[in-house]
Amino acid sequence: MDCSKLTENGTPELGMEFNSEEDAYKFYNKYAFKMGFSVRKDYLNKDKDGMTTSRRYSCCKEGVKRKYEGDVMPKRTRVPTKTGCGAKMVIVLFRGTMKYRVHDLVLEHNHELHIAQCAHMMPSQRKVSVAQGFQAEISEDAGLSLKQNHELMGTEAGGMGNVGYTRDDLKRYLRTRRERSLKYGEAGSMLNYFQEQTLENPSFFHAVQLDCEEQITNIFWADAGMLIDYNFFGDVVTFDTTYKTNKEYRPLGVFVGFNQHRQIVIFGAALMYDETIDSFKWVFGTFLEAMCGKHPSTILTDQDHAMAAALSIVMPETFHGLCTFHIRRNFMKHLGNHYKENSDLPYMFGACMYEFEEVEQFNRVWEAMVKKHNLENNEWLSGLYKIRDKWARCMMKERWTAGMRSTQLSESLNAAIKNHLKLDHDLVQFFRHFNRVVDEKRHNELIAEYEMRQKLPMVGLRQTPMLVHASETYSPTVFVAFQNEYGESTAMVILRQQDAAMFVEFAVMRYDGGPERTVVFNRNDLSVRCSCKKYENEGILCGHALKVFDTVGIKIIPPEYIKRRWTKRARAGDCFDRRGQEVVADPKVMISTRYRELAPAMIKVATRAAMSEDTSKVAITVISDLSKRVELLLSESSSRKRH
């Protein structure tokens, strides 16, 4: 019988012929869908060449459940589903035509058949298609739960009945995918993942450290975007470790900084075996290797002694500051028992850390605090005082920190990471979900870039030349900070002015009181130095210096006082990796652009074609032909590149 007539008839008959075993199964399964039963592939026979000579397709309720023959009944047993149904279709290879012919056929069932609304639940009708599987993988990588993933598919398909598989099927599919990704073991799969990333972008950097038994201990990686970010914003770095991001409980260390919008940028990450000096030395050394040996000016960390020892060896010329957030937390831990009602201890300690700008004032209040609260013998506080140059404002005001005093950037990033990662994630899943966090931060920067070009800066005061210049130069976030300082300058008064041959010294103070500042103006190069050291510390001119500029008639910001990292053009320029090759953040950007053009058009066609059986068949035929042409063109293109 002609195969083209099979679908018209719809019911199997003895003597029917099929071109292949798969054609026979598809036909019988389609008939089963219409009738309301599920098909099971039973026995098959093959010849010595491996060709199937006969095959039986049975109703899934064929056979009966075997009775339990043990002495003790199990606590849980499966509900029986088999009824001994004899419905079947047997095909045999006919050598004359090399086609499969229906040799034996039983159409009657001994059980109730499923209604049409439940037909999609039958095992033989359930299958996660290639397209559905691809979409499910994308949804899983995007952080959707199994339930959300399945519900999304149901919404797109117009109801759960149209999806073509159950939630359990999807669970098995995704589990199989994870097992496939780990077929070389976690370590092998991780290296395979790194290799794939390197093939996509040769600038991707990764390194692993092995112990004496050739086991992986520490892992470091940085993608092309991280290398570019560090090239432009790597002058100040914070480094912190967090736990409970992976099932191995390995500490995750992340190098973080500020961009021109004062948003988080990630420079690199490391999964560490432990937090020893040797591990930190390897991580910091590998980080510098990835960044072509470029050292940061400042790095902020917590009070970890192993970290400090490693930094003194690997980055001896980099200023190592301590995170004020961790110091406050340790303060509560070590001195919490000294707290009393209405105690001024935390306020005195906070003033020493954040407020005092003069060393004499800091020492005076520190000594008073120690004596008042009997803390002369407190080892933690004594040790903290010895390294006060790493955390006290008066000692750090000339250190370049870009306005960062703590690793709270890293802390907020760690919170975001923990929102995306789960303890049961394997290494490959960990990397995929970590990339989601990185992509989210980069998307936030794109939003800021768009708004910077879309929205005009809000100039609060009258539009003076200096404010206009600042609004055209700085990013919106930094412009707001500069505008606040400019506003402060209007409240400043010149108390005294002392002229010398080259220099003019101004005593500046707010009109309503406050600390007096000394601003030295150089007549030759038009430079200023203020005793508050705000520019040296944050890269933005203070109100005292701006008052002096206004007094001497300078109406725009001198170029030497514009930090490029804070400007709208902070990313101008090229970046090169350790091989001397230019780093391209996303070599697939054109692919993404073309995908955005193609996807809506394909979805629109699929939506319209699904309206009827005829249009659906036409669409499937055209898509099949189109797919073959696309693959042919891609293979030809790949062949030309190899040659």
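Keep in mind that the numbers below use all heavy atoms, side chains included, and drop hydrogens, waters and symmetry copies.
- One side chain, Glu449 or Gln260, offers a donor N or O that lies under 3.5 Å from an acceptor on the other.
- Between Gln303 atom CD and Lys390 atom NZ the span is 10.0 Å, to the nearest 0.5 Å.
- Proximity of a side-chain donor or acceptor of Ser489 to a complementary backbone N or O of Tyr486 within less than 3.5 Å is detected.
- When all heavy atoms of Ala572 and Phe232 are compared, the pair lying nearest together is O-CE2, 3.5 Å.
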Q: Take Asp499 and Arg523, measure what salt bridge (Lys or Arg N to Asp or Glu O under 4.0 Å) needs, and give me the verdict at the end.
A: CA-CA 10 Å; Asp499 289 14; Arg523 285 195 177 99; 3.1 Å; yes

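- By the side-chain hydrogen bond (donor to acceptor under 3.5 Å, both in side chains) test, Tyr561 is found to be paired with no residue, residues two or more places apart in sequence or in another chain being considered.
- Sorted by first and then second residue, the pairs that involve residues 536-556 and meet salt bridge (Lys or Arg N to Asp or Glu O under 4.0 Å), not counting sequence neighbours, are Arg529-Glu536, Lys534-Glu538, Asp550-Lys555.
- Here the side chains of Arg571 and Ile228 are in contact, with some heavy-atom distance below 4.5 Å.
- Across all non-hydrogen atoms, the minimal contact from Val208 to Trp282 is C-CZ2, 3.7 Å.
- Remark: the Ser527 side chain and the Glu560 side chain contain no N/O donor-acceptor pair separated by less than 3.5 Å.
- The number of heavy atoms from other shown groups lying within 6.0 Å of CD (Glu317) does not exceed 12.
- Remark: the His320 side chain and the Thr301 side chain contain an N/O donor-acceptor pair separated by less than 3.5 Å.
- Contact of the Pro558 side chain with the Phe549 side chain is registered, since non-hydrogen atoms from C-beta on lie closer than 4.5 Å.
- Of all heavy-atom pairs between Thr318 and Pro296, the closest is OG1-O, 2.8 Å.
- Going from atom NZ of Lys386 over to atom CZ of Arg388 covers 10.5 Å, rounded to the nearest 0.5 Å.
- Applying the side-chain hydrogen bond (donor to acceptor under 3.5 Å, both in side chains) test to pairs two or more places apart or on separate chains, none has a residue in residues 284-300.
- If you take CG on Leu375 and NE2 on His334, they are separated by 13.0 Å, rounding to the nearest 0.5 Å.
- Taking the six-membered ring wherever Trp is involved, the centroid distance between the rings of Phe479 and Tyr474 does not fall below 6.0 Å.
- Across all non-hydrogen atoms, the minimal contact from Ile556 to Pro465 is CG2-O, 4.3 Å.
- Taking each heavy atom of Leu381 and Asn378 in turn, the nearest pair found is N-OD1, 2.9 Å.
- Judged purely by atom type and a 3.5 angstrom limit, Lys568 uses its side chain to pair as donor or acceptor with the backbone of Ser471.
- Taken from OG1 in Thr518 to CE in Met509, the straight-line distance is 12.0 Å, to the nearest 0.5 Å.
- Partners of Asp525 under the salt bridge (charged side-chain N to carboxylate O under 4.0 Å, His left out) rule, at least two apart in sequence or in another chain, do not exist in this structure.
- Side chains of Arg436 and Arg432 form no contact here, defined as non-hydrogen atoms less than 4.5 Å apart.
- Put simply, the side chain of Asn259 gets close to the backbone of Arg262: a donor and an acceptor are under 3.5 Å apart.
- Taking CZ from Phe356 and CE from Met348, the interatomic distance works out to 8.0 Å, rounded to the nearest 0.5 Å.
- Remark: side-chain polar atoms of Asp344 are not paired, donor with acceptor, to backbone N or O of Tyr347 under 3.5 angstrom.
- In this structure, Val265 and Val256 have side chains that are not in contact, with every pair of non-hydrogen atoms separated by 4.5 Å or more.
- Annotation: Phe506 is not in aromatic contact with Phe521 [ring centroid separation under 6.0 Å not met].
- Without hydrogens or angle criteria, Asn374 side chain to Val370 main chain gives no donor-acceptor distance under 3.5 Å.
- With a 4.5 Å cut-off on side-chain heavy atoms, Glu485 and Leu541 do not count as touching.
- The shortest side-chain heavy-atom distance between Val583 and Phe576 does not fall under the 4.5 Å cut-off.
- Listed for the His469 side chain is a donor-acceptor partner under 3.5 Å among the backbone atoms of Ile557.
- Side-chain atoms of Met190 and Tyr193, non-hydrogen and from C-beta on, never get closer than 4.5 Å to each other.
- Of the possible donor and acceptor atoms, one in the side chain of Arg565 sits under 3.5 Å from a partner among the backbone N and O of Phe233.
- Here the side chains of Cys532 and His544 are in contact, with some heavy-atom distance below 4.5 Å.
- Arg510 and Glu516 are not joined by a salt bridge, as no carboxylate oxygen comes within less than 4.0 angstrom of a charged side-chain nitrogen.
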Q.
Please determine whether side-chain hydrogen bond (donor to acceptor under 3.5 Å, both in side chains) holds for the pair Thr276 and Asp274, giving the CA-CA distance in whole Å, both sets of side-chain angles, and the decisive distance to 0.1 Å.
A. CA-CA 6 Å; Thr276 60; Asp274 54 26; 3.0 Å; yes

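- With hydrogens and angles left out, the side-chain atoms of Asn363 and Tyr385 include a donor and acceptor closer than 3.5 Å.
- Listed for the Thr567 side chain is a donor-acceptor partner under 3.5 Å among the backbone atoms of Arg564.
- Scanning all heavy atoms of the two residues, the minimum distance from Ala222 to Phe267 falls at CB-O, 3.7 Å.
- Checking side-chain atoms of Trp366 against main-chain N and O of Phe349 turns up no donor-acceptor pair under 3.5 Å.
- Crowding of Glu379 atom CD: a count of heavy atoms from other residues, nucleotides or ligands under 6.0 Å not exceeding 12.
- Between Phe255 and Tyr230, the distance from one ring center to the other does not fall under 6.0 angstrom.
- With sequence neighbours excluded, the residues satisfying side-chain hydrogen bond (donor to acceptor under 3.5 Å, both in side chains) with Arg579 are Asp577.
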**Q.** From CA spacing to verdict: side chain to side chain contact (heavy atoms under 4.5 Å, CB included), Ile216, Leu210
**A.** CA-CA 5 Å; Ile216 292 177; Leu210 304 178; 3.6 Å; yes

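- Between Phe239 and Phe284, the distance separating the two ring centers is shorter than 6.0 angstrom.
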Would you give me the side-chain donor-acceptor pairs under 3.5 Å for residues 394-404, sequence neighbours excluded?
| unit_1 | atom_1 | unit_2 | atom_2 | d |
| --- | --- | --- | --- | --- |
| Lys397 | NZ | Glu357 | O | 2.9 |
| Trp400 | NE1 | Asp235 | OD2 | 3.0 |
| Thr401 | OG1 | Gly403 | N | 3.3 |
| Thr401 | OG1 | Met404 | O | 3.4 |
| Thr401 | OG1 | Asn537 | O | 3.4 |
| Thr401 | OG1 | Asn537 | OD1 | 3.4 |
| Thr401 | OG1 | Asn537 | ND2 | 3.3 |

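- Remark: aromatic rings of Phe205 and Trp221 are distant, center separation not under 6.0 Å.
- Here Ile327 contributes atom CD1 and Trp380 contributes atom CH2; the two are 7.0 Å apart, rounded to the nearest 0.5 Å.
- Atom CZ of Phe319 sits in a crowded spot, with more than 12 heavy atoms from other residues, nucleotides or ligands closer than 6.0 Å.
- Residue Gln195 places its CD atom among 12 or fewer non-hydrogen atoms of other residues, nucleotides or ligands, all under 6.0 Å distant.
- Side-chain atoms of Asp302 never come within 3.5 Å of backbone atoms of His326 as a donor-acceptor pair (strictly under, hydrogens ignored).
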